[in-house]
Amino acid sequence: CQALCEAEAVVSTQSTGIGAPHTVPCKVTGKCGSVLVRLVPAPRGTGLVSAPIPKKLLAMSGFEDCYTCAIGQTATLGNFAKATFAAIAATYSYLTPDMWSPTVFTNSPYQEFTDYLAKPFVKQAKKEVKY
């Protein structure tokens with residue numbers, strides 16, 4: 001029973017863990033001629049749901065799961081491929097968390113001047129100015 005529980009725990013952590021990007025970051029479109037291709041994010045394990053031309057381009061670009069929708073004269077394979085490429089190129093304009101630069105945190109003024117702020121405040125007498 002314990003081995004079964006351990007196996008279930010391993011499977012659950014693997015399936016819910018956030019790993020490398022596997023799909024498009026959001027819905028994107030690409031257009032060439034009369035062909036409009038829309039790429040839609042898909043859950044893990046879905047695969048590439050697409051016609052053969054976009055499926056090859058998506059696989060070469062590293063996507064594992066993606067839905068596609070095509071409108072227009074998709075029989076013109078050149079425009080179909082270019083529209084798919086334009087949609088894939090549109091995904092590179094999104095800054096995903098794995099591309100974020102590391103954040104350097106600085107101390108707040110309260111932390112930086114804590115020694116000065118810890119001292120008791122003493123009022124000083126005003127100096128009289130004679131004219």
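Below, each value reflects all heavy atoms present in this structure, side chains not excepted, and no hydrogens, waters or symmetry copies. Along the sequence shown, residues are numbered consecutively beginning with 1.
- Between Thr46 and Tyr67 there is a side-chain heavy-atom pair separated by less than 4.5 Å.
- Using a 4.5 Å cut-off on side-chain heavy atoms (C-beta onward), Ser108 and Gln111 make contact.
- With rounding to the nearest 0.5 Å, the separation of CG in Leu36 from OG1 in Thr84 is 10.0 Å.
- Contact check for Thr68 versus Leu58: side-chain heavy atoms found under the 4.5 Å cut-off.
- Criterion: ILVMFWY side-chain heavy atoms under 4.5 Å apart, direct or through other members. Under it, Ile53 and Leu48 are part of a common hydrophobic cluster.
- Judged by distance alone, the side chain of Lys31 and the main-chain N or O of Gly33 form a donor-acceptor pair under 3.5 Å.
- By the side chain to side chain contact (heavy atoms under 4.5 Å, CB included) test, Lys56 is found to be paired with no residue, residues two or more places apart in sequence or in another chain being considered.
- For the pair Asp65 (side chain) and Gly45 (backbone), a donor-acceptor distance under 3.5 Å is present.
- Tyr92 and Phe85 sit in two unconnected hydrophobic clusters of ILVMFWY residues. Membership requires side-chain heavy atoms under 4.5 Å apart, directly or through other members.
- Across all their heavy atoms, Ala90 and Ser93 have their closest contact at O-OG, 2.8 Å.
- Checked by atom type and distance alone, the side chain of Thr23 pairs as donor or acceptor with a backbone atom of Ala42 at under 3.5 Å.
- Pairing each heavy atom of Pro41 with each of Val24, the nearest pair is N-CG2, 3.5 Å.
- The distance from the CD1 atom of Ile88 to the CZ atom of Phe63 is 6.0 Å, given to the nearest 0.5 Å.
- Contact record, Gly30 with Ala86: CA-CB, 3.9 Å, taken as the closest heavy-atom pair.
- A distance-only check finds no donor-acceptor pair linking the side chain of Asn79 to the backbone of Val35 [under 3.5 Å].
- With a 6.0 Å radius and a threshold of 12 heavy atoms from other residues, nucleotides or ligands, Lys82 has its NZ atom at or below the threshold.
- Hydrophobic clustering (side-chain heavy atoms under 4.5 Å, transitive across Ile, Leu, Val, Met, Phe, Trp, Tyr) groups Leu77 together with Val37.
- Proximity of Cys66 to Val49: side-chain heavy atoms (C-beta onward) are nowhere separated by under 4.5 Å.
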